[in-house]
Structures are given as C-alpha cells and as structure tokens.
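Every value quoted in this text rests on a predicted model; they were computed, and no experiment measured them.
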Amino acid sequence: MAQTLTERSQPAAQKVSFESGDGFVVANLYLPEGHDPSRRYPAVAVGGSLTSVKEQMGGNYAGELARRGIIALAIDYRNYGESSGAMRQFEEQASKAEDLSAALRYLKKRSDVTGTGILGICTSGGTALYTAAKDPNVGALATVAGFFSDPELVSKMFGGKEGIDSRIAASRQARKRYDENGVIETVFAYMPNDKSAMSPSPSEYYMDQSRGGSVRAWRNEFAVMAWEPWLAFDPFGAGSPCYCTSTRRSLRWCGVP
C-alpha cells in the first residue's frame, strides 16, 4: 500500500458532516469503486496524526481502503481543519475519542454498512484505544505507525520532570490568556531541531511540500495550552480491551522517530 499512497491520487470523496459533542465533524467519505447502495460493506473511520487534516495521510489511507472494497471516512477532529471548535489546534484526547465515536455512529446509520471499525494513524493509533475502551461500535481496530505514549516515554521525550513541569506551566499560562482574551498562543507542531516545537524531529512528511506540507488546510501549529493534556496522553492507561502486556513494549515505540 505504501507505494500506491505516494504514486497515485486519491479517489473522489464526498464531503459529509455530523454532530459530535457540542459541535460537528467534517469528513471525506470514500466509497468503493462501483459502489452498489443495495449492498452492504465494511466501514472504517480513519484518524490521522497530531494536527493533521483529512486531506493528508488520513485521506490517503481512506482512499486506499475504498479501492479495496471498504467504505472509509477520513475525519477532521474538532478544533482542526473544517470541523467546529473555537480552540483551534488544541489537542485533547477525550474530544478526539468522541469524534471517532461520532464517525462510527454516522457510518453505522448507513444502510450500506455491515460493520464498523477504526484505522488510527500515528497518534490516532493511541486515540483509537481511548475510543475502543468505551464504544461497542469499534468492531475492529488497526493502526499504522501508532504512537502509544505513557508517563515513562513522555519523560524521556521531553526532558524529564523539569521539561514536563515547564511545559505544563506554559500550558496553564496560555490557557489563562485564552480564557481572558480568546488569544490562542501556538508553537510549531513539527520543526526539525526547534526545541520549542511540539516535535523537533526531522518530520519529513510535513516538511516536504510535495507531500503533507503541501495541504493548504493543514496548519503547522500546536496550541501551547494543549501541552498539559497532550503530556497526559496514555492510551494503554485508558483501559482499552485491546491492551496486552506482551505487546506493550513493542507497540509504544513504533511511532517514535
């Protein structure tokens, strides 16, 4: 699949929207070629990486699933892309997990759907575990380059207690400013060697203007007030039935550059 993701364009998608929480989610719906509304197909909700939008890797994978006979729905989480939300670029797992559940409910209501599941890419691999812990509509779950954080990994990534404490302090100050005047302070989401960025890794996909970096709807921004909830990201701690101690160590590192 990796070769086709970079060498051919996505099939045509239908833009749809549906309620989620106190707002709405906008998504691109990909139907199998020769879709027959009288038939029933497996259906998958697709979430992309941190800060990504539906036109990036989520749409690529959704398009490929459709080529393989699966109805696929690539979503913009709330606060990103075309979806609702005043706190733009704000990362919060409970909200994202609810958006995936809302996507599954949308798919479940379709007369051409036989069963529903989730494909989580990068951080959405972890988000999908939050959803699976509570939502019986998750009939199947798959991840691509899943990021499965936990307190130990967070400490190693962000400079131990000192680095974590400084980011939490900045997060609370930024949230206070937002509550007082509505201003959203941001840093780069991805920027090689920039220690103030959420991710200072090489981030080739986002830096490449022929790939993810070319998507106009995407903003390379991370809300500073999101540091505190983002540092608390702990998919295995969410209590998902997918948890397995024998695979935890191999899984949690696979999305780390």
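- Salt bridge annotation for Glu92-Arg78: absent, with no cationic side-chain nitrogen under 4.0 angstrom from a carboxylate oxygen.
- Linking ILVMFWY residues whenever their side-chain heavy atoms come closer than 4.5 Å, directly or via other members, places Met57 and Leu50 in the same cluster.
- A salt bridge does not link Lys134 to Glu98: none of the charged nitrogens lies less than 4.0 Å from a carboxylate oxygen.
- Counted within 6.0 Å of CG on Asp179, heavy atoms from surrounding residues, nucleotides or ligands total more than 12; the atom is thus considered enclosed.
- Ser199 and Tyr206 are not linked by any side-chain donor-acceptor pair at a separation below 3.5 angstrom, with hydrogens and angles left out of the test.
- Separation of the Phe158 and Trp227 ring centroids falls under the 6.0 Å cut-off.
- Using a 4.5 Å cut-off on side-chain heavy atoms (C-beta onward), Ile184 and Gln89 make no contact.
- Ion pairing between Glu228 and Arg175 fails under the 4.0 Å rule for side-chain N and carboxylate O.
- The number of heavy atoms from other shown groups lying within 6.0 Å of CD (Glu33) does not exceed 12.
- Dense packing is recorded around NZ of Lys108, with more than 12 heavy atoms of other residues, nucleotides or ligands lying under 6.0 Å away.
- Here Arg67 pairs with Glu64 in a salt bridge; the nearest charged N to carboxylate O distance falls below 4.0 Å.
- The aromatic rings of Tyr106 and Phe18 lie parallel to each other, with less than 30° between the two planes, well short of the 60° mark.
- Relative ring orientation between Phe148 and Phe236 is described as tilted, the plane-to-plane angle lying within the 30° to 60° band.
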